[in-house]
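The structure appears right after this line, and notes come after that.
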Protein chains: 2
Amino acid sequence: MKSQSTEDYLKAIYQLQEMQNGEPVSTSTLASWLGVANASVTGMVKRFSSADPKLVEYEPYTGFVLTDAGEKIALEVIRHHRLIECYLSQALGYSWDEVHEEAERLEHVISEAMEDRMAQALGNPISDPHGDPIPDREGNLHQLNVIPLTQLAVEQPGTIRRVIGQEPDLLRYLAEQGLVLSAHIKVISKAPFNGPISIRIVNSSETILALGREVAEKILIQPSSNTR
Amino acid sequence: MKSQSTEDYLKAIYQLQEMQNGEPVSTSTLASWLGVANASVTGMVKRFSSADPKLVEYEPYTGFVLTDAGEKIALEVIRHHRLIECYLSQALGYSWDEVHEEAERLEHVISEAMEDRMAQALGNPISDPHGDPIPDREGNLHQLNVIPLTQLAVEQPGTIRRVIGQEPDLLRYLAEQGLVLSAHIKVISKAPFNGPISIRIVNSSETILALGREVAEKILIQPSSNTR
DNA sequence: CAAAATTATTAGCCTGACCTAAATCTTATT
DNA sequence: AATAAGATTTAGGTCAGGCTAATAATTTTG
């Protein structure tokens, strides 16, 4: 089994690559994501690309891309992480802003047997408490058909399916406003000049919420047919 | 938080001290228990006894004894370990020979919050699947009134309350024979010259089981009044 | 297109946790 | 009391995973 650091690096590269539509991940991006010095990343990744099997491809001054072997490990760790999040939420009553931190440590130590038992207890869930997809044992991800809230048309109704990012403060804030998974919402207006997006939660109070673009970008919506 | 190794060392010292009725633990005993070289123990324990607060008292050529601060940490780790064992057994269907290995890694990474939630889900158990007592948050242990099976008198009935040791093979063997917690047994005979002890499981088949002294020493019995 | 700014790499160092081999201390034995 | 046997510690080394400071490569800008 790979060390905890190795697993963290590979997971981070995978996630950053995903966030950048497959672009190679630069040294400094990875370093600041992991909270280590650039030089540490250079050293660590150098080991990865001379490992057997090779875990990342590395083009100096371009960045890192996972090999299939590296991606496999990353997906295993992500599967652990997200299953644990689900389990903590469903079996132990954690809220969605608490699960990430705990899972971050547990993901490196659970056995495959434990993973299987958790998955079974949960009925093999396909997404975690934030709507992030859980890879299956082979690493296949179930992709949702969603768009960021920023791209939802005015008056177009939709359902919240996923929230990107793990900042507990933001997650708590969203939950307080009723912006949780499966909530039905509708965009009332989008202020110009990149201003806030005003939305309403359908079938709930008539309150109108204004969200900044940064936040709205992280809320992924499954559009539904416009019923009005 | 202390490193995983530190926690392992302190836990080991605690358990060895317990097994030796409070005797100081020698370098080589600890080293072979942990599976590391003697020199590694010397180095590590030296750090502990010059730490702030000091974690072990060390008398050269006599051995190590935990200070109150060291014992506190050891008991926290043991509480984690045993609660996890309980949880795995009750919530995820692990058998008593499987729990130890998994708990051995999880004990170092769970948060206090998770510990509390597990304890609550289990109804604050006071012993783990092997009958080992679970320290409470303050480190208090509930001591059972038990004796090793080797000391149970012939014809004296008793109940299995605890099994010492975590060897999966032994635990599986015992379970197959019906020697599980709460089983009622009676000693039929004790062969002389340290020979095997023959027992019968009360209220079950009439089969007579012969156990070696080594094994019998690890089975702790709560004697009950002789009803015949 | 050269200089400035940015980004990445190298060099050299540190710490924790291990190791082996050699030296030293203690205890037991003659 | 001297020595052999056994236990323990010291000396010196490795490896992973960090760090800072200095250097080098690339990209941007004037």
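Letters go in sequence order (proteins before strands), and every chain restarts at 1.
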Enumerate, atom names and distances included, each donor-acceptor pair closer than 3.5 Å involving a side-chain atom of residues 137-152 of chain A, sequence neighbours excluded.
unit_1, atom_1, unit_2, atom_2, d
A:R137, NE, A:D116, OD1, 3.1
A:R137, NH2, A:D116, OD1, 3.3
A:N140, ND2, A:D136, OD1, 3.4
A:N140, ND2, A:D136, OD2, 3.1
A:T150, OG1, A:E217, OE1, 3.3

Worksheet entry | Worked check of side-chain hydrogen bond (donor to acceptor under 3.5 Å, both in side chains) between A:E112 and A:H80 | CA-CA 9 Å; A:E112 290 303 301; A:H80 284 191; 3.1 Å; yes
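Residues passing the salt bridge (Lys or Arg N to Asp or Glu O under 4.0 Å) test with A:R161, sequence neighbours excluded: none. Applying the side chain to side chain contact (heavy atoms under 4.5 Å, CB included) criterion to A:A153, with sequence neighbours excluded, gives A:Q156. A:Y14 is linked by a ring pair (Phe, Tyr, Trp, His ring centres under 6.0 Å) to nothing, counting only residues two or more places apart in sequence or in another chain.
Residue A:R47 places at least one side-chain N or O under 4.0 Å from the OP1 or OP2 atom of D:dG17. Contact annotation: A:K46 side-chain N/O to C:dA8 OP1/OP2 distance is not under 4.0 Å. Taking 4.0 angstrom as the limit, B:S28 places none of its side-chain polar atoms (N or O) nearer than this to OP1 or OP2 of D:dG6.
Judged by distance alone, with hydrogens and angles left aside, the side-chain atoms of B:S127 form no donor-acceptor pair with the main-chain N or O of B:D132 at under 3.5 Å.
Residue contacts for A:T42: at a heavy-atom cut-off of 4.0 Å it reaches a base atom on one of the strands shown.
When side chains are defined from C-beta on, B:L88 counts as touching A:M114, because their heavy atoms get closer than 4.5 Å.
A donor and an acceptor atom, one from each side chain of A:H130 and A:E85, are located under 3.5 Å apart.
Distance B:H108 NE2 to C:dG16 C1': 16 Å, rounded to the nearest Å. With rounding to whole Å, B:L55 atom CG is found 14 Å from C:dG16 atom P. For the pair A:E7 CD and D:dG17 P, the interatomic distance rounds to 11 Å; values are reported in whole Å. Atom-to-atom, CD of A:E59 to C1' of C:dT7 comes out at 15 Å; the value is rounded to the nearest Å. Here the P atom of nucleotide D:dA16 and the NZ atom of A:K2 are 11 Å apart, to the nearest Å. One interatomic measurement links the two molecules: CG of B:D8 to C1' of C:dG16, which rounds to 14 Å at whole-angstrom precision. Computed from coordinates, the B:M1 CE to C:dG16 P distance equals 17 Å when rounded to whole Å.
More than 12 heavy atoms of other residues, nucleotides or ligands lie within 6.0 Å of CD in B:E18, so this atom counts as buried by the packing criterion.
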Worksheet item: How does each nucleotide of nucleotides 18-28 of chain C score, in 5' to 3' order, for protein heavy atoms under 4.0 Å: base (B), sugar-phosphate only (S), or none (-)?
Response: SBB---BBS--
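For the segment residues 13-26 of chain B, no residue has any heavy atom less than 4.0 angstrom from an atom of DNA chain C.
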